[in-house]
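Structure first, commentary second.
The shown structure was predicted, so the numbers you read here are calculated from the model rather than taken from an experiment.
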Amino acid sequence: MSDNTEPCPSCGRPTPVGTRCVYCATVTDLDLKSLQLDYLKQSDAKPAEEPLSQSVVIVVQKTGQRYSIQANKVKIGRDPSNQVVIPDDTFTSRHHAWITFEESDFWLEDLGSTNGTLLNGHPVVKRQILSAGDKVRVGHTELTFDVESK
């Protein structure tokens, strides 16, 4: 860790000194747009993300719709700006959850959603590792997380 970062007390991610972790701060604590802008400013200095070495798909169980994941960070929610959009489920928050790829693992995190996020039927309180075949519930929508080697 460099001199200008410290570990987040909740998740341990490197966080700029004197700021809140962009992953752990909830929508009710801070405005999500300002969090995203802060995150984008910080990542401007970082090299471009390398492509995923695996084929990752999120499947909406009710409709069979498949979202192929190409980035290391994917947001799920009702808002059209998300990479995985759940437009017709009013129990899903506009910005409901993140899936991130870090240090060879996929992680699921709730973004302070109103109705919470479930992983295999259990509430996601802190970020949790995802495995192929895991069931993620946001609002009343169930998603299946699938990973295949390229």
Side-chain angles (χ1 to χ4, degrees), residues 1 5-16 19-43 46 49-149:
M1 233 174 274
T5 63
E6 60 189 2
C8 169
S10 297
C11 69
R13 281 193 179 89
T15 304
T19 64
R20 303 263 329 256
C21 176
V22 69
Y23 293 96
C24 294
T26 64
V27 176
T28 55
D29 290 339
L30 297 169
D31 176 62
L32 186 61
K33 287 223 182 278
S34 68
L35 283 173
Q36 291 171 327
L37 290 173
D38 290 347
Y39 180 77
L40 290 172
K41 287 177 192 171
Q42 293 168 14
S43 51
K46 295 180 183 175
E49 293 179 355
E50 292 188 25
L52 296 175
S53 61
Q54 300 159 323
S55 175
V56 181
V57 178
I58 297 174
V59 181
V60 179
Q61 290 303 297
K62 184 176 179 180
T63 64
Q65 185 173 8
R66 299 170 65 84
Y67 290 91
S68 179
I69 305 306
Q70 306 296 323
N72 290 342
K73 295 172 187 71
V74 174
K75 206 171 19 164
I76 302 168
R78 276 192 349 259
D79 193 276
S81 68
N82 295 304
Q83 289 80 20
V84 177
V85 181
I86 313 293
D88 300 327
D89 183 350
T90 58
F91 290 91
T92 298
S93 295
R94 288 182 311 118
H95 303 283
H96 201 101
W98 280 108
I99 292 177
T100 58
F101 182 73
E102 297 176 43
E103 300 174 7
S104 303
D105 287 315
F106 288 94
W107 296 84
L108 174 67
E109 300 173 69
D110 185 79
L111 290 174
S113 63
T114 303
N115 295 307
T117 302
L118 300 178
L119 175 58
N120 297 322
H122 300 284
V124 175
V125 179
K126 285 188 159 187
R127 72 184 193 133
Q128 300 205 4
I129 291 180
L130 282 170
S131 300
D134 278 349
K135 304 292 184 196
V136 175
R137 182 174 289 275
V138 294
H140 288 171
T141 302
E142 186 168 288
L143 311 167
T144 300
F145 178 78
D146 199 14
V147 180
E148 301 168 349
S149 296

Kindly give the heavy-atom pair with the smallest separation between Ile58 and Phe145, and that separation in Å.
CG1-CD1, 4.3 Å
Residue pair [X] / [Y], side-chain heavy-atom distance below 4.5 Å:
X: Leu111; Y: Lys75; answer: yes
X: Val59; Y: Asp146; answer: no
X: Trp107; Y: Glu102; answer: yes
X: Ile76; Y: Asn82; answer: no
X: Val74; Y: Val56; answer: no

Are Leu130 and Ile99 close enough, and set up right, to give a side-chain contact (heavy atoms from CB on, under 4.5 Å), and what steps lead you there?
CA-CA 9 Å; Leu130 282 170; Ile99 292 177; 3.8 Å; yes
Report yes or no: does [X] contribute a side-chain atom to a donor-acceptor pair with the main-chain N or O of [Y] at less than 3.5 Å?
X: Tyr67; Y: Val85; answer: yes
X: Asp89; Y: Gly139; answer: no
X: Asn72; Y: Thr100; answer: no
X: His96; Y: Gly116; answer: yes

Distance check, rounded to the nearest 0.5 Å: [X] atom [atom1] versus [Y] atom [atom2]?
X: Asp110; Y: Gln128; atom1: CG; atom2: CD; answer: 10.5 Å
X: Thr92; Y: His140; atom1: OG1; atom2: NE2; answer: 8.5 Å
X: Ser131; Y: Leu108; atom1: OG; atom2: CG; answer: 11.5 Å
X: Asp88; Y: Arg78; atom1: CG; atom2: CZ; answer: 10.5 Å

Ring geometry between Phe101 and Phe106 (parallel below 30°, tilted from 30 to 60°, perpendicular above 60°):
tilted
Atom CG of residue position Asp105 - does it have more than 12 heavy atoms of other residues, nucleotides or ligands inside 6.0 Å?
yes
Would you indicate whether Lys135, at its atom NZ, is surrounded by more than 12 heavy atoms from other residues, nucleotides or ligands within a distance under 6.0 Å?
yes
Please step through side-chain contact (heavy atoms from CB on, under 4.5 Å) for the pair Ile69 and Val84, ending with a clear verdict.
CA-CA 9 Å; Ile69 305 306; Val84 177; 4.1 Å; yes
In this structure, which one of Leu119, Leu118, Thr141, Asn120 forms a side chain to side chain contact (heavy atoms under 4.5 Å, CB included) with Val136?
Leu119
We want to know whether Glu142 and Thr144 form a side-chain donor-acceptor pair, criterion being a heavy-atom distance below 3.5 angstrom.
no
